[in-house]
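Report on the following structure.
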Amino acid sequence: MESRYNPAAIEAKWQQTWAEQGLDQTPTDSSKPKFYALSMFPYPSGTLHMGHTRNYVITDVIARHKRMQGCRVLQPMGWDAFGLPAENAAIERGIHPAKWTYQNIAQMKAQLQQLGLSIDWSREVATCSPDYYKWTQWLFLEFFKAGLAYQKEAAVNWDPIDQTVLANEQVDNEGRSWRSGAQVERKMLRQWFLKITDYAEQLLNDLDTLAGWPERVKLMQANWIGKSVGAYLEFPIVGMDEKIGVFTTRPDTVYGVTYIVLAPEHPLTPRVTTSERQAEVEAFIQEVASQSELERTAEDKPKRGIPTGGKVINPFTKSEIPIWIADYVLYEYGTGAVMGVPAHDTRDFQFAKEKQLPIEVVIVPSGENTGETPELKAAYTEPGIMINSGNFDGMASTAGKEAIIEYAQKEGFGKARVQYRLRDWLISRQRYWGAPIPVIHCPSCGTVAVPESDLPVQLPEDVEFSGRGLSPLAQLDSWVNVPCPSCGTAAKRETDTMDTFIDSSWYFLRYPDAKNDQQGFDPAKTNDWMPVDQYVGGIEHAILHLLYSRFFVKVLRDRGLINFNEPFQRLLTQGMVQGITYKNPVTGKYIPPAQVNSAEPKDPETGDSLEVFYEKMSKSKYNGVAPEDVLAKYGADTARMFILFKAPPEKDLEWDDADVEGQFRFLNRVWRLVTEYQAHRQPLLPSAGEEEEAKGDRSAAATKDVENIEKQNIVSLLLSKDLSSQQWWQIWQQVFKALLDLPNYVGEFFDSFQQSLVTVALILAAAIAAYLTVALLDVIHSIPLLEPSFQLVGLGYTTWFAYRYFLRAPTRRELSEKVQSVKQKYLGTNSLAQPANTLEVIPSPQPSPTITEKQTTSAEATSTQPSTDNAPTPTPQEKELRRAIHTAIKEITEDLEGDYQFNTGVSELMKLNNALSDATCKDSPVYVEGIETLIRLLAPFAPHIAEELWHNIGHTDSVHTQEWSQVDLDALVADEITLVIQVMGKTRGTIQVPAQADREALEHYARESEVAQRFIQGKEIKKVIVVPGKLVNFVVA
RNA sequence: GCGGAUGUGGCGGAAUUGGCAGACGCGCUAGAUUUAGGUUCUAGUUUCGCAAGAAGUGAAGGUUCAAGUCCUUUCAUCCGCACCA
């Protein structure tokens, strides 16, 4: 066993071993409960960053824990491999996108594998591979057949940098592309859409079924879908046989409509415009069109608009009202027209004030005088009582909505209507590196689906990437021109490729059967594994990817291909990883941390004091930390522990090298604890039988002989000179092994050399060494064969013995106690009977029995207890340690389920480690239980070190195949509890009381306690509150 | 503007849902070991106070024997949406 923790060596070793043993393969045995643990797959940019690392480590801890709990776990990984960077690399550097992408995948995969993630790599997918996008295209055709994929001419978001269009979701609130950051332009183009709006209601309603999703993600989706309930009302245009339809959520205010506003782009605009207004209206339309979205929606901008000269009749009041056009009315939403109710809508109020349009109050707060209509200072948007509303006067406005709709319906000028903000998903991209949309445009047959047998529509290889003009596909005539699959006449391929969000909207369906070349997914297998039990990824996909995936699942369900409603049962959105960032507030420049003295951050050039803060890691801010550097320096286990410990998973994580060091130190402490334990429990002459025994390939007779050697002792056997040849052989083996182990003992000894009791120990060690050597030399005299070995063994043993008994004694008092007992045991009786437990039989390395079982077996196997009597009654120290062990099991188990509090889980591991190293009962079986439990609990967090230590203490199977420890509730019960004494609700002190004391007893103890006496003396006790197990509170006069 | 979340030591963060606030770690202080630095170990570390004690979870009120936790008001920060009719 190495005496130093060397992550580089053990991590590589175990990663290789696990891979060889196929430990991470997904089990096929379907009798166990399934658990599908999924991380959002990465875009293969070529370098792994901390965000990825955090994401996958979180998923891996969950997966490993579930595996130990007896689940069959599917934890796959893949690549979201289509997309623009590959194409840009082709344009800039002439490297083919496929080559660039696959190189990056190889590179990132190698980095990923160093993290010790228990991923089943046999299910790896890459969306850019033809055997994947074949099925992406097949799915598109499913949508096409269902009438959910269609083309239309639409004003689309055009990204001038990426030279492609974008979906609405992919444009941020400042009108910039989610990818390139470019200001998006509006263009009219014929494009492909998926009819996500058909599913708006379901996508909204089913959010309620997603109990395992963060509220804020659900809220963001709900807002994005943006359902409003109201009415569609029609206003007949004066002098035309045409009506203007409006959508309103406030039909109850319809009597207060004093004008109608059309969006400037509205097709009715030119038709309602009177000739004298025409020039002005056209100019206004021009002006608005030339404006960017950003300018048009700029804040606090006065609302601009002009009258068209046209008029409509309000069908309710029969009065004529003017038609205006204004920039604040959006053509894309509702009907592109609104009814102006200045009295009860803040925007309309503002507009009417500016344009001096009449304001008609039709709703007043309930209880207010309805006789007068007060001059409004602002729109009254709250519910109230309807006035000036014909037959509806006096009605509550909330009820009025229904009544008005009913009336409008009856009269034929309106109906109830639900409106969504969500629009159809624009999926066309005018780029090469994506899945081609598998349709062919035929002059006679129209738009024809590529037959399934012709899939995939492969991307042509010989393409030029100029970055200019049309998409490379559109420029390649040999690819574009094909015969029509149905009539055979010359036709053209669709040259748009699909939005890459399509690729990622179904990849989770493929993992259960990732290599299937007959189907995109096998419904039986996918239905078995889906839905994903735990999905982990970044919040940036709260709307885009998650909404699209939900939509896909619902469509496929309706096509009868799958049988579940939602793809992701539980969702964890992990926080960002932030790096320490230095910014010069004067120059606005970011300074690399390497150039800054963190104690006194100053700009190395100008000397200005720097702003110090944490921000998402990025190249331009020089605040990134490369995962490979951390792995090289500390290893994956430390990186994992740090990431898990530093912050709860959903919060942002501030990268701090000092804290990384802290985790490294912790793992070193665990290493030392287990190594010391192992050395400590190794017998005087380690029994060669142990390992053999584990393998079970020795004869029963021989085993018995060895047990005899262990139970009596070697020296006395030697003294008796009455040995079988088998025993001689065993002794020789043990001597040899002890010789080999000697450097370890010596190393241990020197490690501990620095402890304060070294002098005392040394003297004693020397004395014992001398004593033993003399005694042994005596024996050796008659056994010349063993002479040199025995001298060495004698010295080695005494050294180790001294170390164990004296150096480890934590206090002076304990030391003298130990010396006394050792004297009595070894010198007093002049017999070298084994010290307690050094020859204790290692508990079975087979999958751990339940704790209670183990306790009995180890108690039985242990021939001598620390106490002299034979009954295995646990000492108070043992009870306390057991409570610590089982508290850790309980807490960590809870932390790994429920809310995923990995940070507190790690802190519980630290506590257990601390409890074990402080324990005074290191010879007890409870201590063995503690060490083994610690390693098992550590396994999901730091898999490599746990595995190494697990093997070091004598196990031959993997720690990762062990059962998760069970809590023994009895162990949690303490004999004594700390009772808090309060007076008037203030804590005045604590006392120790028996745990089983009842209310009365507790009150009695408390009343009698010194603390209480001090504070309640001479005062009248009015009331006593007893909370069993917790506190007693005295209320005094 | 609308909606949501969060405010706890020098820092990251804990607190069986009303019952000892500050677990665990970082940092810091002192001591031991070391030629030195690092590592390691020991002790301490919310604030004020020599102490007894007092104050203390953004602020102000309230409920309660008891409030970080519940209620009311308010401030700050962050996130999402933003003329959505």
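Throughout, a chain's letter reflects where its sequence line sits, starting with A, and its residues are numbered from 1.
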* To do: Look at A/S228 and B/A85 and indicate whether a side-chain polar atom (N or O) is within less than 4.0 Å of OP1 or OP2.
  => yes

* A/K1023 side chain near B/C65 phosphate (N/O to OP1/OP2, under 4.0 Å) -> yes

* To do: Determine whether any donor atom in the side chain of A/N1033 lies under 3.5 Å from an acceptor atom in the base of B/C65, or the reverse, and answer yes or no.
  => yes

* To do: Check every strand shown and say whether A/Q982 touches a base, only sugar-phosphate, or nothing at a heavy-atom separation below 4.0 Å.
  => base

* **Pairwise C1' distance for B/C28 and B/G9, with rounding to whole Å** => 12 Å

* To do: Name the nucleic acid region contacted by A/R417, choosing base, sugar-phosphate or nothing; use a 4.0 angstrom heavy-atom cut-off, strictly under.
  => nothing

* Asked: So what does A/G662 hit on the nucleic acid, given a heavy-atom distance under 4.0 Å: a base, only sugar-phosphate, or nothing?
  -> sugar-phosphate

* **Salt bridge present between A/K218 and A/E215 (N-O < 4.0 angstrom)** => yes

* Asked: Is A/V1027 touching bases, backbone alone, or none of the nucleic acid, heavy atoms closer than 4.0 Å?
  -> base

* Side-chain donor/acceptor of A/T987 to backbone N/O of A/G989, under 3.5 Å -> no

* OP1 or OP2 of B/C24 under 4.0 Å from side-chain N/O of A/N914 -> no

* Check whether any side-chain nitrogen or oxygen of A/R665 sits under 4.0 Å from OP1 or OP2 of B/G27, and answer yes or no. => yes

* Asked: A/E891 and A/T904: side-chain donor and acceptor closer than 3.5 Å?
  -> no

* Kindly say whether the aromatic ring centers of A/F316 and A/F413 come within a distance under 6.0 Å. => yes

* **d(CD, A/E908; C1', B/A14) in whole Å** => 10 Å

* Structure fact -> Expected label for B/G9 (glycosidic angle, syn inside 90° of 0, else anti) would be syn

* State whether A/R304 and A/E287 are salt-bridged, where the test is any N-O pair (Lys NZ or Arg NE/NH1/NH2 against Asp/Glu carboxylate O) under 4.0 Å. => yes

* **Side-chain donor/acceptor contact of A/Q663 with base of B/G25 under 3.5 Å** => no

* Assign A/K651 to base, sugar-phosphate, or nothing according to its heavy-atom contacts below 4.0 angstrom with the strands shown. => sugar-phosphate

* Asked: On a whole-Å scale, what distance lies between the C1' atoms belonging to B/A66 and B/A21?
  -> 14 Å

* Short side-chain N/O contact from A/R988 to OP1 or OP2 of B/C65, under 4.0 Å -> no

